[in-house]
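Input: a single structure, listed below in C-alpha cells.
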Number of protein chains: 2
Amino acid sequence: MIECHLRKLRLRDEISAAEEAALRGTIVDTVTHPAGRTIVHFGEALNYSTLVLDGFVGRYKDLKNGQRQITHVHVPGDFADLHGFTLKRLDHALLALTPCTIARASHTRLHEITETQAHLTRVMWFSTNVDAAIHREWEVSLGRRSAIQRAAHLFCELHVRLGVVGHAEAERYRFPISQAELAECLGLTPVHVNRVLRELRERGLVEFRNGLVAFQDLPGLKRLAEFDPGYLYLDPHPL
Amino acid sequence: MIECHLRKLRLRDEISAAEEAALRGTIVDTVTHPAGRTIVHFGEALNYSTLVLDGFVGRYKDLKNGQRQITHVHVPGDFADLHGFTLKRLDHALLALTPCTIARASHTRLHEITETQAHLTRVMWFSTNVDAAIHREWEVSLGRRSAIQRAAHLFCELHVRLGVVGHAEAERYRFPISQAELAECLGLTPVHVNRVLRELRERGLVEFRNGLVAFQDLPGLKRLAEFDPGYLYLDPHPL
DNA sequence: CGTAGGCTTGATTGAACTCAACAAGTGTGG
DNA sequence: CCACACTTGTTGAGTTCAATCAAGCCTACG
C-alpha cells in the first residue's frame, strides 16, 4: 500500500524493516476522492498527513480575483503535506487533480517516530526538503522560462518522478488533467497552454492528449527545457 | 551571536537552555563575505550549514543563457541552507546580496542533535518547512501576480521577517540591494523593475532608494499585494 | 578626471492575455 | 431517443504588459 513511498525512500537510503513497520504504523485509514475535490482546505488544522497512493494531488493557493496557482503536483508515493506535521495548518489547499486514493498518517504516531527513531526522522525531513527543492525549480520556471519551456520542464519532471514509482514507461505516462489545470501549474492562461501544446506537438517533441503524455523526442524536449534532474535528489546517500 | 535565530524560533515554541546550548554548540566558526560573493556554489558537497548573522543572503539558480532567478532572500537569523544537512549538496547557490556575516553550523553536530534531541530536531525541521512555505508564496507571485504586486509583496514580506529579528522599524528598513538583483528576485528585467518602483513611489505606497525601503502607505501596499503573513507561521505553536 | 556601475527614460517589439466564437464529447432529463 | 446544458478543447483577432534596444545621467572611486 505504501510501497511506492518506500521505493522512493530506498533510492536514497536504506530503510530497515523496523522503520518500514513504524511508517506503516502511522497510517490510520485510506480514503478515495473524486477528481476536483479539495482534500485539505487552506488554513485547516491538521492531525494527519496525506500520503498519495494513487492518482495526482496538487497543492494550490487562491487569489482574491479567483485565479489560483498550483505550486506542486504530487504523484503516487508522495506525502502531499508531511510538512503539515510541523506546521499544524497549511498555507495552501490540497486538491485531487484526478480521482485518487490517499492514506492518512497520524501526527501522533509521526510524533512518536521523531521521539524514538532518529534516522527515520531524518529521512522524513529529507523528504520535505526535496519538496522544497521542487518548489525552487518551479520558481525558476515561473520566473525565467518561456511558456513552452515551462510546459516542457513539467513534462520532464513528472516523467522522472513517475518513473521512480513505476508509473511511467520509457516514452509515455498517464497524466489525466485538463489544460485549465495545466495552466494553473504553469502560471499561464488555458488558451495559451493550448497553443503551447500545439507547438510542442508540431515541433515533434511531445504530445499531450486525452490525459496521456507521449514523448516523440525526449532528448530534444530536455534540451528545450534545460532539464537536469539533480534537484530531485534521487541518488543514494545515507542519512 | 545567534540571538536573532533564537528569537525567531521562540516566537513559535519554547527553546530550553539545554537546546539553546546545543544549537550554539553546532557553530564552528564565523565568516564575513563582501557583497556579490557566492558563499556556497551549486552542487557543492556540504559539511556545514550557513546561519546568517548579519546582511542579506540569496538562494539562486542559473540558467544557460546567463539569466538567474533568486528563489529566496535570507535575513539575519535565518539558516540559508539548513536543508543542506539532509540534502548534502545544494540544488542552488548561496549569494551574499550585501556584505554579510555568517556562522557555520557543523553537520556532525546537527546529526548529534537529531540523535538525542527530538524536540529541537522538530524545531529545525519546522524551520525548513517555513522556508518551503515562502517558496510557495513566491511561486504564486511569479506565476500569478503583476509586476507591481510582486514588488509590493516582497517589500511586505521582508518587513515582517525583518521586524521579527529587530531589523525593521514601523515604516522602514534597510535593504541595500541593486535594482538588477531585485529583478532577479521578481522574475523581471531591471528596466521594468525601475518603472515599477517609480509607480509605487508615484502612487504614494512605498519608496525604494539608496538601499532603504520607506513605506508611505503600508495598508495600501498590503492591499495591492494581497499580503497575508500567515504563510510565515509566526504564531506560537508547541512542537 | 576618466571610467564603470547603477539608475532613468523613451521608443519599439513581442509574448502572453483577453475576448469571442465554435466544435466535440458527456451527461441528463423530458 | 433526442434536445439541451455543460465541460473541455480549439482557433482567430485584437490588446496589453513587460521585454528589448538604445541613449543619457549620475556619483563613486581609482
Side-chain angles (χ1 to χ4, degrees), chain A residues 34-37 56 63 65-69 95-99 141-154 175-203 206-214 224-225, chain B residues 34-37 56 63 65-70 95-99 141-154 175-203 206-214 224:
Chain A
R37 164 88 52 86
F56 291 87
L63 282 99
N65 63 6
Q67 290 192 99
R68 61 183 185 185
Q69 176 67 39
L95 169 71
L97 291 167
T98 66
S141 273
L142 293 165
R144 289 285 175 228
R145 290 197 250 256
S146 67
I148 195 166
Q149 286 180 307
R150 280 183 224 180
H153 200 280
L154 179 60
F175 185 41
I177 73 168
S178 69
Q179 293 182 4
E181 288 160 330
L182 201 49
E184 289 175 336
C185 294
L186 300 175
L188 301 169
T189 57
V191 172
H192 198 60
V193 164
N194 182 279
R195 296 187 220 270
V196 161
L197 291 174
R198 171 150 56 97
E199 185 168 352
L200 285 169
R201 204 183 321 127
E202 287 172 356
R203 282 165 71 166
V206 63
E207 257 188 75
F208 178 72
R209 247 187 218 297
N210 304 318
L212 188 76
V213 176
L224 171 64
Chain B
R37 163 87 52 85
F56 291 87
L63 282 99
N65 64 6
Q67 290 191 100
R68 62 184 184 184
Q69 177 66 40
I70 294 176
L95 169 73
L97 291 166
T98 66
S141 274
L142 293 165
R144 290 285 176 226
R145 290 198 249 258
S146 67
I148 196 167
Q149 285 180 307
R150 281 183 223 180
H153 200 279
L154 179 60
F175 185 41
I177 73 168
S178 69
Q179 294 183 1
E181 288 160 330
L182 201 50
E184 290 174 335
C185 294
L186 301 175
L188 301 169
T189 57
V191 172
H192 198 62
V193 163
N194 183 278
R195 296 188 220 270
V196 162
L197 291 173
R198 171 150 55 97
E199 186 168 352
L200 285 170
R201 203 185 319 125
E202 286 172 355
R203 282 165 71 167
V206 63
E207 258 188 73
F208 178 73
R209 247 188 219 298
N210 305 318
L212 188 75
V213 176
L224 171 65

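Letters A, B, ... mirror the listed sequences (proteins, then strands); counts begin at 1. As the structure is a computational prediction, the values presented were derived from the model and not from experiment.
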Side chain to side chain donor-acceptor pair (under 3.5 Å) against Q69(B), all qualifying residues, sequence neighbours excluded: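 With sequence neighbours excluded, Q69(B) shows a side chain to side chain donor-acceptor pair (under 3.5 Å) to no residue whatsoever.
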Non-neighbouring partners of R198(B) that pass side chain to side chain donor-acceptor pair (under 3.5 Å), sequence neighbours left out: none
Set of residues satisfying salt bridge (charged side-chain N to carboxylate O under 4.0 Å, His left out) with respect to R150(A), sequence neighbours excluded: none
Whether Q149(B) side chain and L224(B) backbone form a donor-acceptor pair below 3.5 Å: yes
Salt bridge (Lys or Arg N to Asp or Glu O under 4.0 Å): pairs with one or both residues in residues 186-196 of chain A, sequence neighbours excluded: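 Salt bridge (Lys or Arg N to Asp or Glu O under 4.0 Å) check on residues 186-196 of chain A returns no pairs.
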Given atom [atom1] of [X] and atom [atom2] of [N], what is their separation to the nearest angstrom?
| X | N | atom1 | atom2 | answer |
| --- | --- | --- | --- | --- |
| I177(A) | dT8(D) | CD1 | P | 12 Å |
| L197(B) | dG6(C) | CG | P | 15 Å |
| N210(A) | dG9(D) | CG | C1' | 10 Å |
| L142(A) | dA15(C) | CG | P | 19 Å |
| L200(B) | dC7(C) | CG | C1' | 16 Å |
| E181(B) | dG5(C) | CD | C1' | 12 Å |
| E199(B) | dT9(C) | CD | C1' | 15 Å |

Contacts under 3.5 Å, N or O only, protein and nucleotides 25-29 of chain D:
none

Under 4.0 angstrom between Q179(A) side-chain N/O and dT10(D) OP1 or OP2: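 True: Q179(A) side-chain N/O within range (under 4.0 Å) of dT10(D) OP1/OP2.
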P99(A): partners by side chain to side chain contact (heavy atoms under 4.5 Å, CB included), with sequence neighbours left out: A35(A)
Qualifying residues under side chain to side chain contact (heavy atoms under 4.5 Å, CB included), relative to N65(A), sequence neighbours excluded: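 Partners of N65(A) under the side chain to side chain contact (heavy atoms under 4.5 Å, CB included) test: L63(A), Q67(A).
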Residue pairs involving residues 181-193 of chain B (criterion side-chain hydrogen bond (donor to acceptor under 3.5 Å, both in side chains); sequence neighbours excluded): R68(B)-E184(B), S178(B)-E181(B)
Contact pattern, 5' to 3', of nucleotides 11-22 of chain D - B, S or - by protein heavy atom under 4.0 Å: BBB----BSBB-
Non-hydrogen side-chain atoms of L182(A) and L197(A) separated by less than 4.5 Å: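 Heavy-atom side-chain distance check passes, below 4.5 Å.
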